[in-house]
Amino acid sequence: MTRRYPIAGIAGGVTVRCMSGRDDDRARPPGASTPLPAARVRGLGASTLVDLLALTARPEILSFAVGLPDPRIFDVAQLRAAYACALADDVAGANLQYSAAEGMWPLREALAARLTARGLATEPDELLITTGSQQGLTLVALMLLDPGSTILVEDPTYLSALEPFRLVGARTVPVATDEDGVIPQALDAAIEAHAPAAVYLVPTFANPTGRTLTGPRRREVADIVARRGVWLVEDDPYAELRYSGQHLLPISAASQVQGQTMYLGTFSKIGCPGLRLGWMRVPRAVMPALSSVKQAADMHTSSIDQAAVLAYLRDADLDAHIETVRGVYAQRRDVMLAAMPDTLPEGSTWTSPDGGMFLWARLPPGYDATTALRVALQERVAFVPGAPFYADATDPRTLRMCFVTYEPSVIAEGMARLARAFRARLT
Ligand SMILES: Cc1ncc(COP(=O)(O)O)c(C=O)c1O
């Protein structure tokens with residue numbers, strides 16, 4: 001879109017093309033450079049997965065590979081109004097200025113009230129605003145992990161949590177899981193064996209599996225980490241996207257773990273990810289250190305974005321929006337689940353999540369999901385192979401599919417393409 005903006009003193013004003021980031025995706029060949037001296041980045045960027053995911057982004061591909069919320073249900077009108085409010089004459093100067101490392105106080109108050117209402121009693125001074133939960137994971141790594149220290153993770157776990165943990169030189173050690181999430185006895189044994197600095201869990205509608213840690217297991221896990229005196233990192237981006245079953249309290253709400261949990265939340269899945277706005281709930285005692293680390297990372301999360309989210313929380317109805325999102329995504333989950341038996345080869349298994357964005361499947365013996373993806377791409381459909389989600393030994397037969405990005409008719413078309421790909425003999 002091209003627009004002309006009048007500017008005082010400049011005849012005719014200026015012409016600006018309003019563009020999306022995607023309009024400017026220009027591939028450039030890699031140039032030469034002096035070798036990077038930092039050992040932690042050696043080998044980074046050479047992943048086959050990245051190459052494969054680049055293929056899945058081609059416009060003709062129906063991609064279930066990436067966890068993309070559907071942009072058609074972003075609350076654009078209310079967000080536009082929220083930004084207009086944050087840029088109103090009387091507040092624009094302050095909202096475009098540097099602000100506190102911990103985040104804007106009224107936003108911390110509003111988010112603390114939301115968490116408290118969901119059963120996780122939180123005071124505003126226990127919250128730090130992050131630039132997305134992904135930054136929360138980097139801050140967690142900097143706060144809890146030294147080179148050579150260990151963090152326990154679910155097997156499999158969120159791929160992009162492994163990266164910040166490894167970048168600070170920590171060892172990521174997997175703990176066995178089953179249909180109900182991490183296995184408490186395995187967790188206890190792993191703490192005994194590895195003396196970790198922390199345990200990282202995605203207990204609700206996990207990425208990549210969609211699985212949820214049951215209520216009784218939450219209590220067991222809380223007891224174990226409390227008894228062992230280990231930090232718990234609870235990453236919880238999906239809890240509000242529940243389509244069936246009962247709301248479960250976060251592990252961080254248990255009285256016995258107060259003082260040893262870092263709980264991460266985000267606007268990405270309930271609102272929109274491009275805002276890059278998340279939060280971290282930590283014990284008050286560690287806030288001074290966390291705020292110094294945050295300041296070193298990026299001074300603070302964008303002031304104008306925080307102000308817009310605050311205006312949104314005040315003037316729009318986030319709960320009503322989440323209700324809409326839930327209705328839409330629940331239907332998409334059901335459509336994808338219903339198509340699974342006719343899509344994957346006989347003998348495959350998959351999860352039936354109560355919420356979130358992902359299904360996790362396992363192909364029968366003899367299949368390899370990475371090989372399968374190459375054939376699926378020829379049918380113009382994509383998923384993501386499960387291998388990179390494992391901290392250690394991988395299961396090459398697993399794969400993850402995101403069910404929220406497309407409307408039901410497109411999901412059905414994608415599943416039909418995938419079925420054709422599997423019929424074309426994938427092993
Ligand atoms: C488990 C988990 N943690 C963190 C993130 C990062 O979310 P954000 O967009 O808030 O950085 C994601 C995104 O997919 C996720 O699945």
Side-chain angles (χ1 to χ4, degrees), residues 21 49 53 56 63-71 74 103 107 111 114-115 127-141 151-167 172 174 177 181-182 198-213 232-242 250-252 261-281 294 297-298 301-302 305-306 309 318 322 325 329 351 353 355-360 383-384 386 388-391 400-405:
L49 179 74
L53 287 181
T56 70
S63 178
F64 302 131
V66 185
L68 288 184
D70 185 346
F74 293 161
L107 179 60
L111 292 170
R114 271 190 75 80
L115 286 176
L127 281 185
L128 177 134
I129 307 298
T130 58
T131 304
S133 273
Q134 192 59 40
Q135 183 185 50
L137 292 167
T138 300
L139 299 179
V140 157
I151 183 161
L152 301 181
V153 301
E154 287 152 300
D155 193 33
T157 188
Y158 173 49
L159 159 67
S160 301
L162 294 173
E163 286 156 5
F165 300 159
R166 288 171 177 166
L167 273 175
T172 50
T177 62
V182 74
V199 175
Y200 168 74
L201 299 178
V202 189
T204 309
F205 317 135
N207 184 356
T209 62
R211 290 179 187 138
T212 294
L213 195 69
L232 172 69
V233 180
E234 182 170 14
D235 189 4
D236 203 19
Y238 301 105
E240 293 195 71
L241 297 182
R242 178 177 278 283
I251 308 171
S252 300
T261 79
M262 298 200 175
Y263 174 90
L264 307 183
T266 177
F267 196 68
S268 288
K269 319 296 172 172
I270 53 173
C272 52
L275 251 172
R276 310 307 304 131
L277 196 125
W279 46 92
M280 252 175 108
R281 175 190 181 270
K294 167 73 176 168
D298 66 352
T301 293
S302 155
D305 294 338
Q306 291 187 60
V309 170
L318 177 58
I322 295 174
V325 173
Y329 288 178
T351 55
M357 298 183 13
F358 304 108
L359 302 188
W360 179 249
F383 51 80
V384 66
F389 295 93
Y390 292 90
R400 188 194 73 179
M401 309 221 311
C402 173
F403 56 78
V404 304
T405 313

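Order of listing sets the numbers, starting from 1, for every ligand and every atom in it. Side-chain atoms are counted along with the backbone in the values below, which use heavy atoms only and exclude waters and symmetry mates. For reference, positions follow the sequence shown, starting with 1. If you're wondering where the values come from, they're calculated on a predicted model, not measured in any experiment.
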Undergrad: Of the protein's non-hydrogen atoms, which lies at the shortest distance from atom 6 (C) of ligand 1, and what is that distance?
TA: Tyr158 OH, 3.6 Å
Undergrad: Determine, stepwise, if the pair Asp235 / Tyr200 fulfils side-chain hydrogen bond (donor to acceptor under 3.5 Å, both in side chains).
TA: CA-CA 7 Å; Asp235 189 4; Tyr200 168 74; 2.6 Å; yes
Undergrad: If you count the atoms of ligand 1 from 1 in the order shown, which ones are under 4.0 Å from a heavy atom of Thr266?
TA: 8 (P), 10 (O)
Undergrad: Restricting to non-hydrogen atoms, name the atom on Gly67 and the atom on Met357 that form the minimum distance, rounded to 0.1 Å.
TA: O-CE, 3.3 Å
Undergrad: Got an N/O contact under 3.5 Å between Ser133 and ligand 1?
TA: yes
Undergrad: Heavy-atom contacts with Gly132 under 4.0 Å: which atoms of ligand 1 show up? List them by number with element.
TA: 10 (O), 11 (O)
Undergrad: Using a 4.0 Å cut-off to any heavy atom of Pro237, which atoms of ligand 1 qualify?
TA: 1 (C), 2 (C), 3 (N), 15 (C)
Undergrad: Could Arg281 and Tyr263 be counted as a cation-pi pair, given that NZ or CZ must be under 6.0 Å from the ring centre and within 45° of the axis?
TA: no
Undergrad: Is Lys269 in contact with ligand 1, taking contact as a heavy-atom separation below 4.0 Å?
TA: yes
Undergrad: Backbone, side chain, both or neither: what part of Phe267 comes under 4.0 angstrom of ligand 1, heavy atoms only?
TA: neither
Undergrad: Identify, by atom number and element, the atoms of ligand 1 in contact range of Gln134, meaning under 4.0 Å from any of its heavy atoms.
TA: 6 (C), 8 (P), 11 (O)
Undergrad: Please give me the minimum heavy-atom distance between Thr261 and Ser252, naming the atom from each residue.
TA: OG1-OG, 3.4 Å
Undergrad: Quick test: of every protein heavy atom, which one is nearest to atom 16 (O) of ligand 1, and how far off is it to 0.1 Å?
TA: Tyr238 OH, 2.5 Å
Undergrad: To the nearest 0.5 Å, how far apart are CG in Leu68 and SG in Cys402?
TA: 7.0 Å
Undergrad: Does the side-chain hydrogen bond (donor to acceptor under 3.5 Å, both in side chains) test come out yes or no for Thr131 and Thr301, once each step is laid out?
TA: CA-CA 5 Å; Thr131 304; Thr301 293; 2.8 Å; yes
Undergrad: Report the nearest protein non-hydrogen atom to atom 1 (C) of ligand 1: residue, atom name, distance rounded to 0.1 Å.
TA: Asp235 OD2, 3.4 Å
Undergrad: side-chain hydrogen bond (donor to acceptor under 3.5 Å, both in side chains), that's the test. Do Gln134 and Tyr158 meet it? Break it down for me.
TA: CA-CA 11 Å; Gln134 192 59 40; Tyr158 173 49; 2.9 Å; yes
Undergrad: Can you see which heavy atom on Pro156 is nearest to which on Trp360, and at what distance?
TA: CG-CZ2, 3.6 Å
Undergrad: Using a strict cut-off of 4.0 Å, indicate which atoms of ligand 1 neighbour a heavy atom of Arg276.
TA: 8 (P), 9 (O), 11 (O)
Undergrad: Closer than 4.0 Å to some heavy atom of Ser268 - which atoms of ligand 1 meet that?
TA: 8 (P), 9 (O), 10 (O)
